[in-house]
There are 2 protein chains.
Amino acid sequence: MGNSRMTVREIAKLAGVSVATVSRVSNGTGQVSEEMRRRVLEAIEKHGYRPDHLGRALAAGRHGALGLVFPGLSGPYFTELIQGFESEAVPSRASVHILCTHLRSDADDQVLEMGRRVDGVAVIGGTVSDEALLRLATMVPVVVIAGEGPGDIPSVRADNAGSMLALTRHLLVDHDLRDLVFVGNPAGSPDVSERWAAFRGAHHDLGIDPPAEPVAVSMQQADGVLAADQLLCGDTPRPAGVVCANDEIALGVLVGALGRGLRVPQDLVITGFDDMPAAALVTPALTTVRQPVRELTAEAARLILRAADQPGNTAAGSLVLPTELVLRRSCGCPAPPTGGTGR
Amino acid sequence: MGNSRMTVREIAKLAGVSVATVSRVSNGTGQVSEEMRRRVLEAIEKHGYRPDHLGRALAAGRHGALGLVFPGLSGPYFTELIQGFESEAVPSRASVHILCTHLRSDADDQVLEMGRRVDGVAVIGGTVSDEALLRLATMVPVVVIAGEGPGDIPSVRADNAGSMLALTRHLLVDHDLRDLVFVGNPAGSPDVSERWAAFRGAHHDLGIDPPAEPVAVSMQQADGVLAADQLLCGDTPRPAGVVCANDEIALGVLVGALGRGLRVPQDLVITGFDDMPAAALVTPALTTVRQPVRELTAEAARLILRAADQPGNTAAGSLVLPTELVLRRSCGCPAPPTGGTGR
DNA sequence: TTGAAAGCGCTACCAG
DNA sequence: CTGGTAGCGCTTTCAA
């Protein structure tokens with residue numbers, strides 16, 4: 001029943017009260033007598049009135065919305081990011097705006113435009129220019145996710161280095177492997193850049209020469225398959241182990257290897273990063289690094305919401321979330337005694 | 001330079017003109033003398049003024065935003081949907097709001113709330129109740145994606161039945177296979193429901209008994225791995241072919257099969273649906289059905305934007321986009337002569 | 001061509 | 001406790 005295009009004034013007239021009273025009732029603010037409240041609620045109910053968001057937002061000087069900016073989302077990692085963000089935004093009655101800057105040249109402008117429509121923005125590292133980020137930060141609270149921001153823009157990221165160092169050292173020392181390759185494009189994101197650096201660092205620490213270059217591919221499963229094509233084609237000696245920038249790539253490499261009849265880990269060791277659900281389930285189960293992907297954006301949303309409430313209106317308090325090395329079968333470790341999920 | 005918290009009034013004062021003139025200049029509407037325009041632009045430039053979105057939206061009675069509602073996004077299919085939607089929204093200067101109703105019980109309320117913040121909404125089929133959908137449609141244009149809406153709410157969907165019928169018939173007739181199983185949950189989405197129905201239909205058409213029940217799992221790769229565990233554990237006779245509700249499941253089944261040392265397609269035939277990038281690249285390449293995922297949402301966005309402009313304010317014009325059977329190696333068809341991408 | 005003023009729908013202050 | 005009223009920032013008549 002009832003058109004939702006009713007306004008406070010109409011409801012006020014119908015209930016025979018003032019707009020102020022209608023507002024008080026519909027917001028639960030202030031003191032209203034039982035009699036008045038009943039009359040107003042009746043009119044609201046009868047006509048299906050719900051306050052218009054724009055009017056409310058304009059009066060409050062607040063959008064009730066948060067923005068999330070991606071490079072060009074793909075795969076489970078990004079969907080996890082979105083869900084983590086949402087999990088915090090929704091309970092605070094904030095809607096989520098998303099923007100994929102992709103390859104568009106006007107990315108900076110679009111991010112700035114977004115800044116005009118939301119109460120705060122979380123930006124995935126490496127997505128927009130530092131200049132745009134700083135400018136954006138003058139209008140709303142900004143948090144960088146999976147990367148570091150310029151100036152004192154706070155960030156929320158995972159401890160890439162620690163676990164990648166441990167993982168590489170594990171392969172090098174515990175499994176005594178040499179000729180490892182790294183698959184992923186360090187120029188593509190701060191995350192991969194840190195992982196590649198830690199991969200090399202582990203080699204250096206042990207006095208071993210790391211490969212000079214990574215196999216630079218994107219982060220999707222298809223890219224892993226392509227990398228496998230390149231690494232396992234037989235033209236060059238096969239590496240002993242393939243350290244991948246994320247699980248998707250690793251799964252692609254795994255499929256590529258298995259499809260060629262190679263045995264993993266006997267003929268080839270493969271590792272991933274992220275610990276996505278499929279990692280524990282494939283055969284052989286994937287050795288990887290667990291990072292709290294949803295927490296990244298959930299934490300960022302909290303930071304932003306807190307800042308949006310406060311006078312200063314600037315987010316603060318960078319944090320680095322812990323990661324965890326998850327050893328499973330694909331690196332050559334023995335299969336766990338039961339079940340085999342590796343958890 | 002310049003705080004972007006300037007208002008029309010301040011700029012007007014600084015430029016020594018009226019707010020109306022500032023508005024005209026910043027929108028490029030109406031006639032303004034060269035002299036005035038220059039003065040205003042100078043002030044705008046100097047103070048970095050950009051009109052506030054809320055004020056503008058309230059005056060225009062339009063949000064400049066579109067909403068996209070998902071069940072609980074995961075995987076490449078959903079990211080494609082988002083990108084397709086964005087590709088149409090961004091050029092129209094509309095921001096994209098997203099909402100994952102997930103398992104939340106208040107999904108209907110949230111969708112209705114979204115309806116108050118945007119100019120139109122696209123809802124993935126099977127996400128919210130018909131009742132909520134109808135109510136939503138009274139406030140803004142609504143389009144259902146990958147499913148059918150109640151009443152005369154328009155929808156944009158892919159031709160699931162046609163290609164699934166052709167695919168199943170291909171396995172049954174051309175490859176003379178029996179004992180096919182279907183992996184996917186028909187209750188999970190209209191898409192899967194249609195695919196399962198067509199899978200059964202193809203059997204009936206040929207006088208063959210289809211399996212009574214599908215292997216009901218979700219749509220992610222991990223679920224495919226689980227399905228493989230169940231189907232290939234050896235407790236029951238192995239099926240001849242596994243027809244999967246999407247490529248992700250199929251890839252999971254493929255990994256599960258290869259990890260067990262089975263040969264595909266010799267020992268087991270596997271097919272998918274979607275034709276995601278990895279499908280063409282894995283070994284063996286995946287036989288699947290190509291559907292224009294991005295087009296689905298792009299088309300929906302166009303429908304909504306058009307409707308939002310018009311007086312009636314109701315979207316109209318359902319459409320069914322064509323799909324295409326893509327035969328590759330995993331169903332037993334010979335490998336293509338060159339390259340091997342199957343395209 | 002320009003400006004004054006009337007809203008858009010809502011909240012919140014200030015009197016009564 | 002209640003109602004009038006002044007905005008929030010912008011666009012858009014309507015006169016001048």
Side-chain angles (χ1 to χ4, degrees), chain A residues 2-41 43-44 47-65 93 113 115-119 139-140, chain B residues 2-41 43-44 47-65 93 113 115-119 139-140:
Chain A
N3 188 337
S4 61
R5 303 197 180 292
M6 286 276 135
T7 74
V8 243
R9 269 178 277 269
E10 298 179 89
I11 294 294
K13 180 163 299 179
L14 289 164
V17 301
S18 74
V19 295
T21 300
V22 174
S23 177
R24 282 190 276 257
V25 170
S26 85
N27 291 326
T29 58
Q31 302 290 299
V32 183
S33 72
E34 206 41 57
E35 159 66 3
M36 289 273 121
R37 176 186 310 287
R38 200 189 48 68
R39 287 226 306 268
V40 174
L41 284 177
I44 285 181
H47 299 86
Y49 166 79
R50 297 290 270 126
D52 176 87
H53 181 72
L54 283 177
R56 176 178 286 203
L58 183 59
R62 160 190 286 277
H63 298 79
R93 320 194 59 60
E113 172 60 29
R116 218 162 281 122
R117 299 173 176 228
V118 298
D119 300 318
M139 19 207 321
V140 291
Chain B
N3 189 335
S4 61
R5 302 199 179 291
M6 286 276 135
T7 74
V8 244
R9 267 178 277 269
E10 298 178 89
I11 293 294
K13 180 163 297 178
L14 289 164
V17 301
S18 74
V19 296
T21 300
V22 173
S23 176
R24 284 190 273 257
V25 170
S26 86
N27 291 325
T29 58
Q31 302 290 301
V32 184
S33 71
E34 206 41 58
E35 159 65 4
M36 290 273 121
R37 173 185 312 286
R38 199 190 49 66
R39 286 226 305 270
V40 173
L41 284 177
I44 285 181
H47 299 85
Y49 167 78
R50 297 289 272 129
D52 176 86
H53 182 71
L54 283 176
R56 175 178 286 201
L58 183 59
R62 158 189 286 278
H63 298 80
R93 319 195 60 58
E113 171 60 30
R116 220 162 278 120
R117 300 172 176 228
V118 299
D119 300 318
M139 18 205 324
V140 291

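In what follows, chains carry the letters A, B, and so on, assigned in the order in which the sequence lines appear, proteins first and then strands, with residues in each chain numbered from 1.
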>> I'd like to check the salt bridge (charged side-chain N to carboxylate O under 4.0 Å, His left out) partners of A:E34; sequence neighbours left out, ordered by chain and number.
In response: none
>> Whole angstroms only, please: what is the CZ-P distance between B:R62 and C:dG7?
In response: 23 Å
> Atom CD of B:Q31 to atom P of C:dT2: distance rounded to whole Å?
Replying inline: 10 Å
> Where each residue is assigned the nucleotide of DNA chain C containing its nearest heavy atom, which of A:D52 and B:R37 is assigned the position nearer the 5′ end?
Replying inline: B:R37
> For A:K13 and D:dG3, what is the distance between atoms NZ and P respectively, to the nearest whole Å?
Replying inline: 14 Å
>> To the closest 0.5 Å, what do you measure between CZ (A:R93) and NE2 (A:H53)?
In response: 10.5 Å
>> Please evaluate residues B:V17 and B:V40 with respect to the criterion side chain to side chain contact (heavy atoms under 4.5 Å, CB included), reporting the C-alpha separation (whole Å), side-chain torsions for both, the decisive distance (0.1 Å), and the verdict.
In response: CA-CA 8 Å; B:V17 301; B:V40 173; 3.8 Å; yes
> Quick one: CE on A:M6 to NZ on A:K13, what's the gap to the nearest 0.5 Å?
Replying inline: 11.5 Å
> For A:N27 and A:R56, what are the C-alpha separation, side-chain angles and deciding distance, and is it a side chain to side chain contact (heavy atoms under 4.5 Å, CB included)?
Replying inline: CA-CA 11 Å; A:N27 291 326; A:R56 176 178 286 203; 3.0 Å; yes
> CD of B:E35 versus P of C:dG3: gap in Å, rounded?
Replying inline: 11 Å
> Once each nucleotide of nucleotides 11-16 of chain C is scored for protein heavy atoms under 4.0 Å, what B/S/- sequence comes out, 5' to 3'?
Replying inline: BBB---
> Rounded to the Å, how far apart are B:L54 CG and D:dC8 C1'?
Replying inline: 9 Å
> So, the side chain of A:R117 versus the backbone of B:G64: is there a donor-acceptor pair under 3.5 Å, distance only?
Replying inline: yes
>> Working note: A:D52 + A:T7, criterion side chain to side chain contact (heavy atoms under 4.5 Å, CB included); need CA distance, chi angles, decisive distance, verdict.
In response: CA-CA 8 Å; A:D52 176 87; A:T7 74; over 6 Å; no
>> Quick check for you: among D:dC10, C:dA4, D:dG3, whose closest atom lies nearest to any side-chain atom of A:V17?
In response: D:dG3
>> Before you tell me yes or no, could you show the steps for B:I11 and B:H47 under side chain to side chain contact (heavy atoms under 4.5 Å, CB included), namely the whole-Å CA-CA distance, both residues' side-chain angles and the distance that decides it to 0.1 Å?
In response: CA-CA 8 Å; B:I11 293 294; B:H47 299 85; 4.3 Å; yes
>> Whether B:T7 contacts D:dG9 is assessed here as follows: a side-chain N or O lying under 4.0 Å from the phosphate OP1 or OP2. Is that the case?
In response: no
>> Expressed as a whole number of angstroms, how long is the span from A:E10:CD to C:dC10:C1'?
In response: 13 Å
> Base, sugar-phosphate, or nothing for B:L58, non-hydrogen atoms under 4.0 angstrom?
Replying inline: base
> Should A:S33 be listed as having a side-chain N or O under 4.0 Å from OP1 or OP2 of D:dT2?
Replying inline: yes
> Through what angle, rounded to 10 degrees, does the axis of the helix from C:dT1-D:dA16 to C:dG16-D:dC1 turn between its ends, using five pairs per end?
Replying inline: 50°
>> How many whole angstroms separate atom CD1 of A:I44 from atom P of C:dC10?
In response: 10 Å
>> Is it the case that over 12 heavy atoms from other parts of the model lie below 6.0 angstrom from the CD atom of B:E35?
In response: yes
> Rounded to the Å, how far apart are B:R39 CZ and C:dG3 C1'?
Replying inline: 13 Å
